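Everything on this sheet refers to the single structure shown next.
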Amino acid sequence: KNKKDENFPVASWIISKKLRPHIYVFYDCVRAADDVADNPEIPPEEKLVLLKQMDSELQGKSQKTDFVTPATKHITSSKETGVTIEHTRHLLQAFSMDIEKKRYKNWSELINYCQYSAVPVGRFLLDLHSSGEEARKCTDRLCIALQILNHLQDCKSDYLELDRVYLPQDFFNEQNIDVTALAESSSKPELRLVFDAILDRING
């Protein structure tokens, strides 16, 4: 993936100009790590080493490679804003899960993944704006919903390019199909029912 593949609007015009540079720094750090996790040409073991290097840099344990430069800049930004780098570290955990976990058995497993892959983005923005704890309840749900919608949008390419399926396996089982249905040129009725069930769960 590259920046053009992402739906998340970075540094929207509604955000204060003084905060936008910090969002760019956050995004660049996260994007660098995500690009590694999603690169089919990098061996899994090497991906995990690179993510560990970035995580070490975020913790102040110097690695000083070109790859961790975005993390170094993120540390500087964090010191200026007072926003914890733990949000970013949680995202790195999600990217590590992407490397090691290819399937999700049920809704609970997917939501747990989203707690690391989506929720930290909303919390970073809230903390950047000094928002209170109460706002997290809404943004957590919103970020999870957007993440799962993104999984639906990319389900075919994720499967074909990365052999990664975020849609819960028990939704497929209920329709007596398996994930190979994602590779077909058009969605069979049973797969459409899988999508509908997931959308209903999001709405709920």
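Since the structure is predicted, the reported quantities are computational estimates derived from the model, not experimental observations.
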Kindly indicate whether the side chain of Tyr166, heavy atoms from C-beta on, has any atom under 4.5 Å from the side chain of Asn150.
no
Stepwise, does the side-chain contact (heavy atoms from CB on, under 4.5 Å) test hold for Val194 with Glu174?
CA-CA 8 Å; Val194 170; Glu174 288 173 7; over 6 Å; no
Pairing of Arg31 and Asp34 as salt bridge, 4.0 angstrom limit
yes
Run the numbers on Leu51 and Phe95 for side-chain contact (heavy atoms from CB on, under 4.5 Å), then give the verdict.
CA-CA 8 Å; Leu51 294 184; Phe95 302 149; 3.8 Å; yes
Nearest heavy-atom contact between Val165 and Val179 is CG1-CG1, 3.9 Å
Could you check if a side-chain atom of Pro70 sits within less than 4.5 angstrom of a side-chain atom of Val30, using non-hydrogen atoms only?
no
Nearest heavy atoms of Leu182 and Cys155, plus distance in Å:
CD2-SG, 3.8 Å
Quick one: do Arg123 and Asp140 make a salt bridge, cutoff under 4.0 Å?
yes
Distance-only, no hydrogens or angles: does the Ser131 side chain make a donor-acceptor pair with backbone N or O of Asp127 under 3.5 Å?
no
Is the closest side-chain heavy-atom distance between Leu58 and His74 below 4.5 Å?
yes
If you draw a 6.0 Å radius around NZ in Lys73, do more than 12 non-hydrogen atoms from other residues or ligands fall strictly inside?
no
With a 4.5 Å cut-off on side-chain heavy atoms, are Thr139 and Leu125 touching?
no
Test salt bridge (charged side-chain N to carboxylate O under 4.0 Å, His left out) applied to Asp170 - qualifying residues, sequence neighbours left out:
none
Is there side-chain contact between Val83 and His87, with at least one heavy-atom pair below 4.5 Å?
yes
Not counting sequence neighbours, which residues clear ring-ring contact (aromatic ring centres under 6.0 Å, His included) with His22? List them please.
none
Could you list all the side-chain hydrogen bond (donor to acceptor under 3.5 Å, both in side chains) pairs where at least one residue sits in residues 195-204, not counting sequence neighbours?
Arg192-Asp196
Test log, rule side chain to side chain donor-acceptor pair (under 3.5 Å), inputs Gln169 and Asn173:
CA-CA 6 Å; Gln169 297 297 290; Asn173 296 339; over 6 Å; no
Residues Arg89, Gln59; criterion side-chain contact (heavy atoms from CB on, under 4.5 Å); working and verdict:
CA-CA 9 Å; Arg89 295 192 65 212; Gln59 296 178 75; 3.2 Å; yes
Salt bridge between Asp38 and Arg164, side-chain N to carboxylate O under 4.0 Å?
yes
Give the intermediate values and the outcome of salt bridge (charged side-chain N to carboxylate O under 4.0 Å, His left out) for residues Glu57 and Lys61.
CA-CA 5 Å; Glu57 180 67 11; Lys61 302 172 184 177; over 6 Å; no
Does any donor atom in the side chain of Asn112 or Tyr104 lie under 3.5 Å from an acceptor atom in the other side chain?
no
Decide yes or no for Phe171 and Leu193: does some side-chain heavy atom of the first lie under 4.5 Å from some side-chain heavy atom of the second?
no
Apply the test side-chain contact (heavy atoms from CB on, under 4.5 Å) to residues Lys101 and Glu109: give CA-CA distance (whole Å), side-chain angles for both, the deciding distance (0.1 Å), then the verdict.
CA-CA 11 Å; Lys101 188 175 178 66; Glu109 281 197 0; 3.1 Å; yes
When every non-hydrogen atom of Lys102 is compared with those of Leu162, the smallest separation belongs to NZ-O, 3.2 Å
What are the two closest heavy atoms between Lys156 and Ala183, and how far apart are they?
CE-O, 3.9 Å
Under the salt bridge (charged side-chain N to carboxylate O under 4.0 Å, His left out) rule, what do Lys47 and Asp35 come out as? Steps first, then yes or no, please.
CA-CA 10 Å; Lys47 290 180 179 182; Asp35 285 345; over 6 Å; no
Above 12 or not: heavy atoms from other molecules or residues under 6.0 Å from CZ of Phe67?
yes
Between Asp154 (side chain only) and Ser157 (backbone N and O only), is there a donor and an acceptor less than 3.5 Å apart?
no
Between Val121 and Gln147, is any pair of side-chain heavy atoms under 4.5 Å apart?
no
Leu199 side chain near Leu149 side chain, heavy-atom distance below 4.5 Å:
yes
Kindly work out whether a path of hydrophobic side-chain contacts (I/L/V/M/F/W/Y, heavy atoms less than 4.5 Å apart) joins Leu126 to Val25.
no
